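Below is one structure, written out as C-alpha cells; comments come after it.
Numbering starts at 1 and runs along the sequence shown. This is a predicted model, so every value here is computed, not measured.
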Amino acid sequence: MRILRSCHWLSKPRIGRLKIVLLGVFTILLSFLHLLVLPQASSGYNEECLTPEWKRQILRTMVQNISRAFHKFNVRYWIDYGTLLGAYRINDILPYDHDADISFLFSSNPSRAFFALKKNGMHVNGLQARYGDVSLDFIRWKATNTTLGANREVILHKYYPPFVKDNFIIRNHHKLESIPFSWIAPTGKINFHGVDVAIPNDPEKVLSFRYPWTFGKIRLEFPYKWKCWVPCWLRKSNGC
C-alpha cells in the first residue's frame, strides 16, 4: 500500500495534464524561436527555401570582387559560415543560402578596399556589403592572447560595435563562437568560380565547430529556412 500511495501522483489523469503542460511549454518555446529569435539571427529565415539563380549569381560575383579587393589591399580575410560551407562542399553558394559571409581581422584596415568596391557600384560599410537587394555580411574578429592551462593561445572573438542591438540569446551565441586563431591563419585558398579566395587553413575543423551536427557528425544538408520544411501546399507561398 505504501508503494501504491507514493506513486499516486503518476495516475493517468495527472500524466495527461502533465503532457498538456509540456506540450504548451514546447509550443511557446517553438513560437519564441520561430517568431523572434531565428528571424533576428538570420534575415533570410522567412525567405523562400531555394534562392533564385539570379541572386546566387550576384552573391558569387560579390564574393569574387570583395576577395580581389581584400587581397589587393592586404586585408586579412577568409570566407566563413555558410559561404565557406558551400565553397567547401559544392564549390558554390548553397542553394538555400540568402546571403554570403566574409570574415576579417578587426586590426586590418579595409577602408581602401571598401573605397574601391564603392567605385564599382557596391554599397559597403564595416558590417555589410550590398548590391541592389542582395547582401553580404562582414564578420569582424579581434585577436586576444589567452592562457589555456599551461599554454598561451591567440583566440578570435567576434566583434560588434555597441550600437548593434541584438537580443541576449544572440549576444551570448556570439561569445560561444570564439575560435583559435591557429585554425584560421595562415589562410589557405580555394578556387571559387575562377577566383582564388581565402579560406581557413583548417576548414574541416572550423566547419565542424560552426555546424557540429550537420557537418561534424552526420554531414547532411540542413536548410535553416522554415519554408524548406513545411509542405508547399500548406504555406501557399510563391511558386507553390
Side-chain angles (χ1 to χ4, degrees), residues 42 51 55-95 97-131 134-146 153-160 174 177-212 214-216 219:
S42 172
T51 301
K55 188 172 183 178
R56 291 179 74 203
Q57 183 55 47
I58 293 176
L59 288 171
R60 294 182 192 111
T61 303
M62 292 177 74
V63 170
Q64 292 172 327
N65 290 343
I66 291 171
S67 296
R68 288 191 186 103
F70 278 7
H71 177 73
K72 179 179 180 179
F73 294 104
N74 299 314
V75 178
R76 301 184 70 180
Y77 83 98
W78 60 96
I79 58 173
D80 211 337
Y81 292 93
T83 305
L84 174 62
L85 179 61
Y88 192 75
R89 179 176 275 167
I90 62 172
N91 195 33
D92 204 351
I93 301 294
L94 292 171
D97 211 352
H98 72 286
D99 66 1
D101 304 286
I102 290 182
S103 288
F104 65 88
L105 290 184
F106 185 74
S107 57
S108 296
N109 183 3
S111 57
R112 290 189 297 166
F114 287 171
F115 181 75
L117 292 166
K118 288 176 182 178
K119 286 178 64 177
N120 290 325
M122 200 179 297
H123 298 279
V124 187
N125 57 47
L127 295 174
Q128 195 177 69
R130 297 191 68 87
Y131 188 85
V134 183
S135 65
L136 178 149
D137 290 332
F138 292 123
I139 305 97
R140 294 175 288 183
W141 298 87
K142 277 190 169 183
T144 305
N145 289 313
T146 304
E153 187 166 9
V154 179
I155 302 295
L156 293 178
H157 302 280
K158 188 181 286 188
Y159 171 78
Y160 280 94
H174 290 332
E177 293 189 316
S178 300
I179 57 174
F181 190 34
S182 59
W183 294 4
I184 303 297
T187 55
K189 291 189 180 299
I190 193 171
N191 188 277
F192 185 79
H193 289 270
V195 176
D196 286 338
V197 302
I199 62 172
N201 69 47
D202 197 338
E204 289 257 346
K205 190 170 288 185
V206 173
L207 288 170
S208 294
F209 179 77
R210 300 267 192 251
Y211 309 105
T214 55
F215 185 87
R219 297 207 172 210

How far apart are the C-alpha atoms of R210 and I179, what are their side-chain angles, what is the distance that settles it, and do they pass the side chain to side chain contact (heavy atoms under 4.5 Å, CB included) test? CA-CA 10 Å; R210 300 267 192 251; I179 57 174; 3.8 Å; yes
Short side-chain to backbone donor-acceptor contact, E177 and K158, under 3.5 Å: no
Under a 4.5 Å cut-off applied to non-hydrogen side-chain atoms, are I66 and M122 in contact? yes
Neighbour count >12 (heavy atoms, 6.0 Å) for atom NZ, K189: yes
Minimal non-hydrogen separation, L84 against I79, with atom names: CB-O, 3.7 Å
All heavy atoms of A113 vs all of V75, minimum pair found to be CB-CG2, 4.3 Å
Distance from W78 atom CH2 to N201 atom CG, nearest 0.5 Å? 10.5 Å
W141 versus I184: any side-chain heavy-atom pair under 4.5 Å? no
Could you go through the side chain to side chain contact (heavy atoms under 4.5 Å, CB included) check for K55 and H98 one step at a time? CA-CA 8 Å; K55 188 172 183 178; H98 72 286; 4.3 Å; yes
Can you see which heavy atom on G121 is nearest to which on Y131, and at what distance? O-CD1, 3.7 Å
Neighbour count >12 (heavy atoms, 6.0 Å) for atom NE2, H123: no
Can L105 and L156 be said to form a side chain to side chain contact (heavy atoms under 4.5 Å, CB included), step by step? CA-CA 9 Å; L105 290 184; L156 293 178; 3.7 Å; yes
Rounding to 0.5 Å, atoms CD1 (I58) and CG (N65) come to a distance of 11.5 Å
Under a 3.5 Å distance rule, please check whether Y88 uses its side chain to pair with a backbone N or O of E204 as donor and acceptor. no
Using every non-hydrogen atom in the two residues, find where S178 and F209 come nearest and quote the distance to one decimal. O-CZ, 3.7 Å
Does any part of the side chain of Y77, heavy atoms only, come nearer than 4.5 Å to the side chain of S67, both counted from C-beta? yes
To the nearest 0.5 Å, atom CG of L94 lies from atom OG1 of T51 at 9.0 Å
Measuring centre to centre across the rings, with the benzene-like ring taken for any Trp, is F114 within less than 6.0 Å of F138? yes
Spatial distance of atom CG (D97) from atom CG (L85) [nearest 0.5 Å]: 8.5 Å
Point-to-point distance, once rounded to the nearest 0.5 Å, from NE2 of H193 to CG of D92: 3.5 Å
Verify the neighbour count for atom CZ of R76: are there more than 12 heavy atoms of other residues, nucleotides or ligands below 6.0 Å? no
Spatial distance of atom CG (L127) from atom CG (L136) [nearest 0.5 Å]: 12.0 Å
So which heavy atom on M62 is nearest to which on A129, and how close? CE-O, 3.5 Å
Is there a side chain to side chain contact (heavy atoms under 4.5 Å, CB included) between V197 and H71 once you walk through the steps? CA-CA 9 Å; V197 302; H71 177 73; over 6 Å; no
For V206, run the side-chain contact (heavy atoms from CB on, under 4.5 Å) check against P200, S103, P180 and tell me which one passes. P200
Is it true that atom CZ of F181 has more than 12 heavy atoms of other residues, nucleotides or ligands lying nearer than 6.0 Å? yes
Shortest non-hydrogen contact between R56 and I90, atoms and distance: NH2-CD1, 4.5 Å
